[in-house]
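Here's the structure, in structure tokens; my notes come after.
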Amino acid sequence: MKQGRRDPLATAGAGHSNRAATERAGLSAPRPAAYARGMRLRTLAVLGLATLLGGCFAGPHQLRRTVDDLDHATYVNSPWFDAALWIVPVFPICYAGAFVGDFLVTDAYAFWLHDAWDGAGTGFEHAPVQATDGRMQSLTMDRSGWTRVDR
């Protein structure tokens with residue numbers, strides 16, 4: 001700033017109102033009606049986006065459950081090899097990639113093109129795995145037990 005000229009915003013607290021300093025600086029104060037309209041549009045946009053993306057979180061999770069089937073089959077055949085694939089982070093990377101793929105493609109496709117309109121969800125059929133040393137049941141099944149192994 002040139003010497004001799006005062007910054008109107010810097011002197012706003014020295015006896016001048018902030019509105020007057022803002023107007024002298026050539027700035028305009030936000031108008032309440034325009035601000036409210038902008039907030040309504042933003043709110044509607046966020047709600048619309050949340051509705052669209054809600055279908056991306058719900059769905060059959062085909063890719064994630066396929067990785068889970070692979071993890072399950074690997075564990076049944078060789079628990080040590082399965083543990084190594086978790087430590088090296090093969091399975092964690094596969095799960096992350098499957099989550100992204102399900103979110104962007106598979107779940108959105110199943111939800112919006114099939115399930116949302118008829119009210120019935122698309123199921124996922126897990127790959128059968130022959131138990132070699134016993135089996136555990138899902139906790140959602142009748143008469144299943146926490147850490148119970150059936151031989």
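The first residue of the sequence shown is numbered 1, and numbering continues consecutively from there.
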Could you check if a side-chain atom of Y75 sits within less than 4.5 angstrom of a side-chain atom of F81, using non-hydrogen atoms only?
no
Measure the spacing between CG of L70 and SG of C94 and express it to the nearest 0.5 Å.
7.5 Å
Distance col, row L85:CG vs W80:CH2, nearest 0.5 angstrom, shows 13.5 Å
Note: A108 and L104 closest approach over all heavy atoms is CB-O, 4.3 Å
Shared hydrophobic cluster, V67 / V100 (ILVMFWY, side-chain heavy atoms < 4.5 Å):
no
Answer yes or no: is there a side-chain heavy-atom contact under 4.5 Å between R65 and D69?
no
Under 3.5 Å side-chain donor-acceptor pair for D102 and H61:
no
P60 and G123: which non-hydrogen atoms are nearest, and at how many Å?
CB-O, 4.4 Å
Does W86 form a ring pair (Phe, Tyr, Trp, His ring centres under 6.0 Å) with Y95? I'd like the steps, not just the answer.
CA-CA 11 Å; W86 275 98; Y95 272 106; 5.6 Å; yes
Are any non-hydrogen side-chain atoms of D107 and R64 less than 4.5 angstrom apart?
yes
Could you check whether the rings of F99 and F103 sit parallel, tilted or perpendicular, using 30° and 60° as the cut-offs?
parallel
At their closest point, which heavy atom of H126 faces which heavy atom of D68, and how far apart are they?
CE1-OD2, 4.4 Å
Please tell me if the side chains of D82 and F91 come closer than 4.5 Å, counting only heavy atoms from C-beta onward.
yes
Quick one: closest heavy-atom pair of G134 and A131, and the distance?
O-CB, 3.3 Å
What are the two closest non-hydrogen atoms of A120 and D115, and how far apart are they?
O-OD1, 3.2 Å
